[in-house]
Amino acid sequence: MLQGMATHNFFAADLDAARAWYSDLFGAEPYFVVEGGYIEWRLGPREDEFGIVNAAYAPHPTGTPAGSITFWAVDDVAAALDDLLARGATKHDDVRERGPGFVTASVVDPFGNVLGIMENGHFAEGVRGAGG
């Protein structure tokens with residue numbers, strides 16, 4: 001039934017500030033914008049979609065970190081964590097080895113969303129296997 005992640009959405013009450021923060025983080029402007037309502041980027045070799053929805057449209061209260069964590073692949077978790085903290089994120093979970101080849105950490109972005117980062121050897125294998 002589930003075929004893969006289509007889009008991962010965060011919420012932000014200040015969509016303009018979120019656009020600026022994530023555009024700086026990603027080094028690119030969003031490719032899709034619904035003024036005042038939604039912005040979206042495509043990231044990485046598989047062009048995974050990451051969107052931010054105006055918090056006014058959230059089906060639940062926002063701003064308090066909770067729920068599941070999506071981990072985005074990075075080459076160096078410690079360096080990525082330091083970079084995110086320097087950009088104004090706050091630490092959610094420190095660098096942790098989860099097993100051979102699996103290292104994670106997470107932050108809370110300035111808008112109250114949890115952003116996970118992960119070193120994962122299987123990610124690179126999957127990209128190569130998919131023609132990346």
Side-chain angles (χ1 to χ4, degrees):
M1 178 173 73
L2 300 178
Q3 299 176 24
M5 186 182 76
T7 302
H8 185 85
N9 288 335
F10 277 4
F11 295 96
D14 186 339
L15 205 56
D16 291 335
R19 179 179 181 163
W21 198 84
Y22 276 97
S23 290
D24 183 57
L25 176 66
F26 299 149
E29 287 294 318
Y31 82 98
F32 182 75
V33 176
V34 175
E35 208 54 49
Y38 183 73
I39 49 182
E40 186 174 277
W41 293 261
R42 289 191 174 150
L43 306 171
R46 295 183 289 198
E47 295 192 343
D48 295 317
E49 293 181 354
F50 177 87
I52 301 177
V53 180
N54 185 322
Y57 301 110
H60 51 74
T62 63
T64 302
S68 66
I69 301 173
T70 298
F71 289 93
W72 293 86
V74 298
D75 292 329
D76 182 332
V77 166
L81 178 61
D82 288 345
D83 182 68
L84 289 163
L85 296 175
R87 293 171 186 274
T90 56
K91 191 180 295 184
H92 181 260
D93 192 18
D94 209 346
V95 175
R96 298 184 189 277
E97 184 165 343
R98 303 293 184 175
F102 297 94
V103 180
T104 66
S106 57
V107 299
V108 178
D109 73 9
F111 316 98
N113 301 290
V114 178
L115 176 66
I117 51 178
M118 179 181 218
E119 292 172 34
N120 177 346
H122 293 292
F123 180 80
E125 292 170 12
V127 170
R128 282 192 303 272

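Side chains included, hydrogens not; waters and symmetry mates left out as well; all remaining heavy atoms used.
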**Message:** Using every non-hydrogen atom in the two residues, find where V114 and P65 come nearest and quote the distance to one decimal.
**Reply:** CG2-CB, 3.4 Å

**Prompt:** Is there a side-chain contact between D109 and L84 (heavy atoms, below 4.5 Å)?
**Reply:** no

**Request:** List in chain and number order the residues that pass side-chain contact (heavy atoms from CB on, under 4.5 Å) with D48, two or more places apart in sequence or in another chain; answer none if no residue qualifies.
**Result:** M5, R46, W72

**Complete:** Scanning both residues in full, the closest heavy-atom pair of F11 with P59 reads CZ-CD, 3.9 Å

**Request:** Mind checking the CH2-CD1 spacing from W21 to I52? Nearest 0.5 Å is all I need.
**Result:** 9.0 Å

**Message:** Enumerate the salt bridge (Lys or Arg N to Asp or Glu O under 4.0 Å) contacts for residues 49-60, please, sequence neighbours excluded, ordered by first and then second residue.
**Reply:** R42-E49

**Asked** Quick one: ring pair (Phe, Tyr, Trp, His ring centres under 6.0 Å) partners of F71, sequence neighbours excluded?
**Response** none

**Item:** By side-chain hydrogen bond (donor to acceptor under 3.5 Å, both in side chains) - contacts of T90 (at least two apart)
**Value:** none

**Request:** Quick one: closest heavy-atom pair of L81 and S106, and the distance?
**Result:** CD1-O, 4.3 Å

**Asked** Does a side-chain heavy-atom distance below 4.5 Å link W41 with Y22?
**Response** yes

**Message:** Count I, L, V, M, F, W, Y as connected when their side-chain heavy atoms are under 4.5 Å apart, and connections chain through other members. Are I69 and L85 then in the same cluster?
**Reply:** no

**Which residues share a side-chain hydrogen bond (donor to acceptor under 3.5 Å, both in side chains) with D82, sequence neighbours left out** = none

**Request:** Any chance you could measure L15, atom CG, to I39, atom CD1, to the nearest 0.5 Å?
**Result:** 4.5 Å

**Item:** Ring geometry between F50 and F26 (parallel below 30°, tilted from 30 to 60°, perpendicular above 60°)
**Value:** perpendicular

**Message:** Do F10 and V33 land in one hydrophobic cluster if side-chain heavy atoms of ILVMFWY residues count as linked below 4.5 Å?
**Reply:** yes

**Asked** What pair of heavy atoms forms the shortest contact from D14 to F111, and how long is it?
**Response** O-CE2, 4.2 Å

**Those residues that, when tested against A80, pass side-chain contact (heavy atoms from CB on, under 4.5 Å) (two or more places apart)** = V74, I117

**Request:** Please report the shortest heavy-atom distance between G88 and P110, naming the atom on each side.
**Result:** O-CG, 4.0 Å

**Message:** A20: which residues meet the side-chain contact (heavy atoms from CB on, under 4.5 Å) condition with it, sequence neighbours left out?
**Reply:** none

**Item:** Derivation of the side-chain contact (heavy atoms from CB on, under 4.5 Å) call for V103 and D76
**Value:** CA-CA 9 Å; V103 180; D76 182 332; over 6 Å; no

**Request:** Among residues two or more places apart or on two chains, list those pairs meeting side chain to side chain donor-acceptor pair (under 3.5 Å) that have a residue in residues 53-66.
**Result:** none

**Request:** Would you confirm whether N113, through its side chain, and A12, through its main-chain N or O, come within 3.5 Å as a donor-acceptor pair?
**Result:** no

**Message:** Filter on salt bridge (Lys or Arg N to Asp or Glu O under 4.0 Å), then keep only pairs touching residues 24-41, sequence neighbours left out; what's left?
**Reply:** R19-E29, D24-R87

**Prompt:** Under the side-chain contact (heavy atoms from CB on, under 4.5 Å) test, which residues partner F102, sequence neighbours left out?
**Reply:** R98, M118, N120, H122

